[in-house]
Every structure is written in structure tokens, then in C-alpha cells.
Amino acid sequence: PPSAVGAMQATGYGTASVPPDADLGRWLQKTATWLEASSETDPVRLLTWYFDDFKPRRLRSPVLIAWLVLQVLGIVFQVGLLFEVGRHLAALEDLLATHCGAGHQRHGVCLGPSWNMSYYRALSMNPGTQFTFDTFSVPPTFLIAIEPRPPHSSDSWELSVGGIPGTCVEETTRPAAAEIRRALHILWHFFRHSLPWRSLWPTEEPINCGQALLAASGPRITVLHGRGDWLGPEHWTASFTAGPMTYAARSGEKAMADVHVLDSVTAHVGAIRRHRDCNFARSWQNFSLRHNGEHHAVLWFTWRAIALFLCISVALTGIVFWRFYYYIDSCRLLRRVICFKLIVQDLPQQICVVAYLYAWYATNGLRCQMCLFHVEHCEEEHPLHTGNLLLLLFTALSACSNQVLLQARAGLDDIFDIFCLFVVRVVLFSVSVLPLSIAAYLSVLWFSYPKDYWHVVLACALAACPMVIGLMTLSVGPVALLIGLERINGWIDNLLGLQ
């Protein structure tokens, strides 16, 4: 029988879990070769399995060099965006530290350099509760914040605000539902009072002067604006017309709310209102509503995400370049990198760039909020300036580089098959740029457009097709795979009489 020492040695050799360095290096090399060369790891094979009229394209060196040039140009403009976001963050933090520090806050509310707190008190929200305040802005422009205290934080309430008889005040930051009702009211007024041969657009909007009625469930911050001619200070009366009476009557306690009224005595308010790219009322409302937080957080997240995507892009581009420089034949690696980069960088980067454009350039974004503080921040700046436009272009081109991975199989000369191949490429393009197409379609809600409406219609029309196709692909595609593509093709052939 073998000795105990020999048995222990045999046992030790058979149970070794960590190979020596040489064996580990060979294992890593074999794994990398398998990932790069095996058909099991080729993502293009998965696409050709879905669409058997395509086959993987053998990529040549010119295609690889063009892809590397595209990535280098994209990296250059990513660096430019990173510096731009960092510059805006520094300016914003400096402004908040200067104008919203401890000396510029009252009751936790940032007053800014020229905002006056006309009223602050904790009041009962029961119907009949009344308070008065004075404003000095001309024309009157003031912000009202109602923040119910627990346990009534989500209860419904109504507040009526009015001045002396004959004055006209309206809410300029209505909720979306109120804006829809107002638009319907204008249309009804037009159909009742216009003649058939008159202009199709009402020349005069009906004005409802008098008191403004504010209604909400839970906290609400809104801006009111006086219409007409105003000569000086104005006295206002506000009263709750409805409130959470049921709980209060049952529990024996009052439903309380913190009420803030801020008056805008900004000297450059006229310049802000004339700014075509900014909405003064909604910028002020958004600044107060977010408590300097949400858009600021989006900007910080965007900066970190862009830095991360920049590192990923540099790493992937460097790997492909290194492989091409030393081994020439790196086209199989390029196919995997293109598909990996689409999921890991291109699509998320589109989302981050769109989030930055909204957070900074929207009509109520941080740029317009900074304009509230000083006129030097009211300079016009287009969101799609040269740097941002080229960054979006190269990001979209990088995402759509998957088009070169497929080619039609030989022998396809039927017009229906050619049309199907075109449809597949359109679907692939729509999915690759889906975040950008959604943002372009919704941009009419975020940014200012010329008043001729042709730009709005053009933007919506160009973005609607890829957006709808991309969303339908993501929603219907999994169902089609479950049913079976061959069965669906048979249904289509029967429907068109091809069988």
C-alpha cells in the first residue's frame, strides 16, 4: 500500500484550486480567445437568428479605422461637455453660496438678492381662515407657497386670492390639467363668438379678472401675476374656501399649514420676461419647489455619468486600437465591442446628455433660475450649440454603427424581401437612438420654439417615427419572439397571398 506521505501528496495535487501563474495566464488567454473568436459569443449571430435574411458582415480594416476615428472625435466632444457641465456646476454653487446663504434665508426660504417675504405664518386651513399681505412689485408678481403640516400633508384645500375691486390677477404657473381646461375654454370662446370668414386663430383671449382660485392636494407653490396697469403697492386678501374639515372635526385638532408669500422686486424683471428662452414664473416656481435640489442633483449625476462613460469609451477604443496595431485582424473583436458599447455606453450616454440639456437649458431650468438672481446670467445660449450638436451627432453615429455588422444573404431579389430588410434596419436604427428621439419629440414642452409653429410640427414629425417604432419594438418584440417569428412570417405570407 502507498505510504501516508504519498497519499497526502496525491491528495494535495488533485485538489489544487488556484493554478500557478503560468497556468492562470494560459487560462486567461484561452478565455479571451474564446470570447473573441467563438461563434457562441458573437452577438451578431443572435441578430441573424432573429432575422435569417441577414448574415454577419466580415469587417475590413477601413471599417475599423473609420470606427476608431468616430470614437476619437466622440471622446473629444465628451471632454468638452464634461468641462461645460463642471463650469456650470461651479457657477451655480457659487451663486447659491452668495445669495442663498444663512444671511439670505428666512424660515428656511431663500430670498435671493431682491425678493421680499411679504407674509409668513402657520395658519389653519379650515374654510374661512383669512390673511392679508402687501406687494411692491409693478406689475404685481408674487409667489405663494402652501405646505400643510402632518397629518394633513396630502389633504385637499382651496385658497382664493384677490386685490381691491377692479384688479385682475391670474395664476401663471397652472398645473397641466388647468392649462388643458383653459385651452378648451379658449376654443369654446372662439367657436361661440367668431364668424366663419374670420381668422381661425382668436385675436383676443378671454380675460377672467378678479380673484384667483388655487386648489391642490398637499403642498403647492405657484406664482401669481397682475394684469393691466398698476401704479404702485397693492393690498391683497386671501382666504381658504375649502379644507380638510372631516379629520379635524373628528380629532378635535386644526389642520395647519405653513404659508409663505414672496414678492419679486427684481429690478431686471422686465429683461427676464423678454427673454425668449426663459419662463420667469415657472423658473421661480421650480427654484422654490425643488429647494435648490432636484436639478442640481441631475447636474451632478450627469457630470459623474459623463466622466464614467468617457472612461469606458477610452478603454474600449484603446483595446480595439491595441488589438489592431499588434495583430491587424481585430474585426471579430470589433463586432463584440460595438454591441457591448451600445448597451453599456451609447444608450445610457444619450439619456445623460438629454437630462443635462433639460436640467440646464429648459425654460424653467437652472440657467433660467440663475437669471432670477442677476441679469448677467440672462444671456441667450442655445442648447444645441456647436459642441453639444456634434456630441449628439457622434453619439448617434456610434450607436448606429451596428448597421455595418449585417448584410443581406445572397440571392434575395424579391421586392418583399428587400422591403423587409429595409424595415429591419429602420427598427435597429430606431432602437439605437430611442432616447434621443423621445427627447426631440418632448422638446416642445421643455424649450422655446419660434411662434410660427412650423418648427414645432417639424420637430414632432421627424422624431415621432423613430420614437414610435422603437417603443413598439421594445413592447411587441418579446411577444413576437414568444409566438415565433416563423409562425408570424407564415401569417404574413398567407395574408399577402404568397403561399
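- Here the closest heavy-atom approach between residue Ser61 and residue Phe324 is recorded as OG-CE1, 3.8 Å.
- Crowding of Phe447 atom CZ: a count of heavy atoms from other residues, nucleotides or ligands under 6.0 Å exceeding 12.
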Going by atom type alone, with no hydrogens or angles, which donor-acceptor pairs under 3.5 Å involve a side-chain atom of residues 76-84 and a protein atom two or more places apart or on another chain?
unit_1: Gln78; atom_1: NE2; unit_2: Gln349; atom_2: OE1; d: 2.7
unit_1: Glu84; atom_1: OE1; unit_2: His385; atom_2: NE2; d: 3.2
unit_1: Glu84; atom_1: OE2; unit_2: Tyr356; atom_2: OH; d: 2.4
unit_1: Glu84; atom_1: OE2; unit_2: Tyr361; atom_2: OH; d: 2.9

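- Residues passing the side chain to side chain contact (heavy atoms under 4.5 Å, CB included) test with Leu428 are Asn402, Gln403, Leu406, sequence neighbours excluded.
- Residues Leu405 and Cys339 share a closest heavy-atom pair of CD1-SG, 3.7 Å.
- Between Phe419 and Phe422, the two ring planes are tilted [angle within 30° to 60°].
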How far apart are the C-alpha atoms of Ile144 and Ile221, what are their side-chain angles, what is the distance that settles it, and do they pass the side chain to side chain contact (heavy atoms under 4.5 Å, CB included) test?
CA-CA 6 Å; Ile144 293 182; Ile221 297 177; over 6 Å; no
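- Not counting sequence neighbours, the partners of Ser283 by the side chain to side chain contact (heavy atoms under 4.5 Å, CB included) test are Asn364, Cys368, Gln369, Leu372.
- Evaluation of the side chain to side chain contact (heavy atoms under 4.5 Å, CB included) rule for Val457 yields no partner, not counting sequence neighbours.
- Side chains of Thr141 and Ser264: a donor-acceptor N/O pair is absent below 3.5 angstrom, by distance only.
- Applying the salt bridge (Lys or Arg N to Asp or Glu O under 4.0 Å) test to pairs two or more places apart or on separate chains, those with a residue in residues 340-358 are Lys341-Asp346.
- Counting non-hydrogen atoms of other residues, nucleotides and ligands closer than 6.0 Å to OH of Tyr441 gives a total of 12 or fewer.
- Counting heavy atoms of neighbouring residues, nucleotides and ligands inside a 6.0 Å radius, atom CH2 of Trp67 exceeds 12 of them.
- By the 4.5 Å heavy-atom criterion applied to side chains, Ser401 and Ile338 are counted as neighbours.
- In this view, Ala459 and Tyr449 satisfy the side chain to side chain contact (heavy atoms under 4.5 Å, CB included) rule, not counting sequence neighbours.
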